[in-house]
Amino acid sequence: MTHRADSVIVLDFETTGMSPHYGDRVIEVGAVRIEAGEIVDRFQGLMNPGIRINSFIEEFTGITNAMVAEAPPCEAVMSDLQLFVGDSAIVAHNSSFDRRFLQAEWRRLKLECENPFACSMLTARRIYSDAPNHKLGTLVAFNQLKNDGVFHRALADAEMTAHLWLHMLQQIERRFDVFDIRFSTMQKLAKVSKSSVSKFFAQLA
DNA sequence: TGCCAGGCCCTCTTTAGGGCCTT
């Protein structure tokens with residue numbers, strides 16, 4: 001399976017909680033496709049998880065039980081998401097979280113999730129070691145990236161993550177005078193130890 | 001109704017513990 005170096009899906013889920021293993025479900029998905037350094041397509045879907053959303057999540061996301069009651073079931077939206085994502089590489093902020101939910105929801109549909117993942121949070125920890133923290137909202141403010149002030153809604157967070165991802169790519173290219181930073185390079189960057197970052201960047205230049 | 005996790009990183013580490021990040 002091959003992936004275009006400049007084509008990735010940036011994904012974000014809102015969910016009923018932290019763990020699909022304990023019955024939590026996805027209630028909203030937002031995804032954008034990046035090609036050639038630009039957002040070229042968007043996918044958004046509110047869905048009915050079939051279980052009650054607790055008050056904390058309602059407050060946290062603004063997504064209420066009344067809203068999802070009118071929405072299609074998870075299975076329908078997740079099936080459409082699979083068509084949107086295809087075999088593209090996927091980026092998410094703290095991707096281990098979104099990957100767990102994507103795998104769990106697709107498993108219900110008997111779909112495999114073999115897409116490669118990269119994590120914008122782990123990459124940002126390497127590049128922005130001087131940031132106050134590495135929450136998505138903090139990194140957007142830290143880099144003065146454009147946003148519409150909406151947080152904890154899936155498409156808004158996916159778009160902010162995409163802007164952060166593109167910003168990190170541009171900064172690496174500019175800083176080290178290299179072009180065509182590939183998805184696999186960003187994956188490796190997120191995994192190298194903090195003490196090895198300088199050596200890693202030296203190999204890029 | 002309320003509760004529940006997991007992967008990664010760092011360090012005063014590796015026979016571990018605690019913090020960060022996601023909802």
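Chain naming here is simple, since letters A, B, ... match the order of the sequence lines and numbering starts at 1 in each. Given the structure is predicted, the values throughout are model-derived calculations rather than measurements.
A straight line from CG of A:Asp24 to C1' of B:dG6 spans 13 Å, rounded to a whole angstrom. Here B:dC20 presents its P atom at 18 Å from CZ of A:Phe97, a figure rounded to the nearest Å. When the C1' atom of B:dC21 is taken as reference, atom CG of A:Leu164 falls 14 Å away, rounded to whole Å. For the pair A:Ile53 CD1 and B:dT1 C1', the interatomic distance rounds to 16 Å; values are reported in whole Å. Nucleotide B:dG19 holds its P atom 16 Å from the CE atom of A:Met121, rounded to whole Å. Rounded to an integer number of Å, the gap from CG of A:Asp98 to P of B:dG7 is 14 Å. For the pair A:Ile57 CD1 and B:dC4 P, the computed distance is 14 Å after rounding to whole Å. B:dT23 atom P lies 10 Å from atom CZ of A:Phe101, rounded to whole Å.
OP1 or OP2 of B:dC10 has at least one side-chain nitrogen or oxygen of A:Arg126 nearer than 4.0 Å.
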Practice task
For salt bridge (Lys or Arg N to Asp or Glu O under 4.0 Å), just list the numbers for A:Glu159 and A:Arg42, CA-CA rounded to whole Å, side-chain angles, deciding distance to a tenth of an Å, and then say yes or no.
Solution key: CA-CA 9 Å; A:Glu159 296 222 24; A:Arg42 291 169 173 80; 2.6 Å; yes
Exercise for the section: Could you please spell out the steps behind the salt bridge (Lys or Arg N to Asp or Glu O under 4.0 Å) verdict for A:Arg153 and A:Glu28? Expected result: CA-CA 8 Å; A:Arg153 288 301 298 264; A:Glu28 188 180 47; 2.7 Å; yes
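Remark: A:Gln82 engages A:Trp106, A:Leu111 in a side-chain contact (heavy atoms from CB on, under 4.5 Å) (not counting sequence neighbours). A search for ring pair (Phe, Tyr, Trp, His ring centres under 6.0 Å) contacts involving A:Phe97 returns A:Phe101, not counting sequence neighbours. Under the rule for a ring pair (Phe, Tyr, Trp, His ring centres under 6.0 Å), A:Phe117 has no partner lying at least two apart in sequence or in another chain. For A:Phe56, the ring pair (Phe, Tyr, Trp, His ring centres under 6.0 Å) partners at least two apart in sequence or on another chain are A:Phe60.
Where A:Ile27 and A:Val192 each meet DNA chain B at their nearest nucleotide, the meeting point lying more 5' is that of A:Val192. Positionally, the nearest nucleotide of DNA chain B for A:Gly23 lies more toward the 5' end than for the other of A:Phe56 and A:Gly23.
No engagement by A:Asn54 is indicated, since no non-hydrogen atom pair under 4.0 Å with the nucleic acid exists. In this structure, A:Ala190 reaches the sugar-phosphate backbone alone: every heavy-atom distance under 4.0 Å involves primed, P, OP1 or OP2 atoms, never a base. Note on A:Phe13: only backbone sugar-phosphate atoms sit closer than 4.0 angstrom, heavy atoms only; bases stay farther off. Looking at heavy-atom distances under 4.0 Å, A:Met18 makes contact with a base.
Comparing B:dG6, B:dC8, B:dT23 against the side chain of A:Asn94 picks out B:dG6 as the nearest. Nearest to the side-chain atoms of A:Tyr22 among the listed nucleotides B:dA5, B:dT22, B:dT23 stands B:dA5. Proximity note for A:His21 (side chain, C-beta onward) versus B:dC21, B:dG6, B:dT23: the nearest is B:dG6. For A:His134, taking side-chain heavy atoms from C-beta onward, the closest of the listed nucleotides B:dC21, B:dC4, B:dT23 is B:dC21.
B:dG2 and B:dC20 have their C1' atoms separated by 25 Å, with the value rounded to a whole Å. Atom P of B:dC3 sits at a distance of 24 Å from the matching atom of B:dC21, rounded to the whole Å. A gap of 15 Å separates the C1' atoms of B:dG19 and B:dC12, to the nearest Å. Here, B:dG17 and B:dT1 have their C1' atoms 32 Å apart, quoted to the whole Å. Taking the P atoms as reference points, B:dG18 lies 13 Å from B:dT13, given to the whole Å. With C1' as the reference atom, B:dG7 and B:dT23 are 16 Å apart, rounded to whole Å. Look at the C1' atom in both B:dT14 and B:dC10: the space between them is 13 Å, to the nearest Å.
Contacts between residues 138-160 of chain A and DNA chain B, counted as heavy-atom distances below 4.0 Å, involve A:His152, A:Asp157. Of the residues in residues 60-72 of chain A, A:Phe60, A:Thr61 come within less than 4.0 Å of DNA chain B through at least one heavy atom, sorted by number.
Within the 4.5 Å cutoff, side-chain heavy atoms of A:Leu189 are placed close to those of A:Ile172. Contact check for A:Asn94 versus A:Leu136: no side-chain heavy atoms found under the 4.5 Å cut-off. Between A:Phe43 and A:Leu11 there is no side-chain heavy-atom pair separated by less than 4.5 Å. Residues A:Ile181 and A:Met186 meet the side-chain proximity criterion, which asks for heavy atoms closer than 4.5 Å.
The existence of a salt bridge linking A:Glu75 and A:Arg25 is confirmed by a sub-4.0 Å separation between a basic side-chain nitrogen and an acidic carboxylate oxygen.
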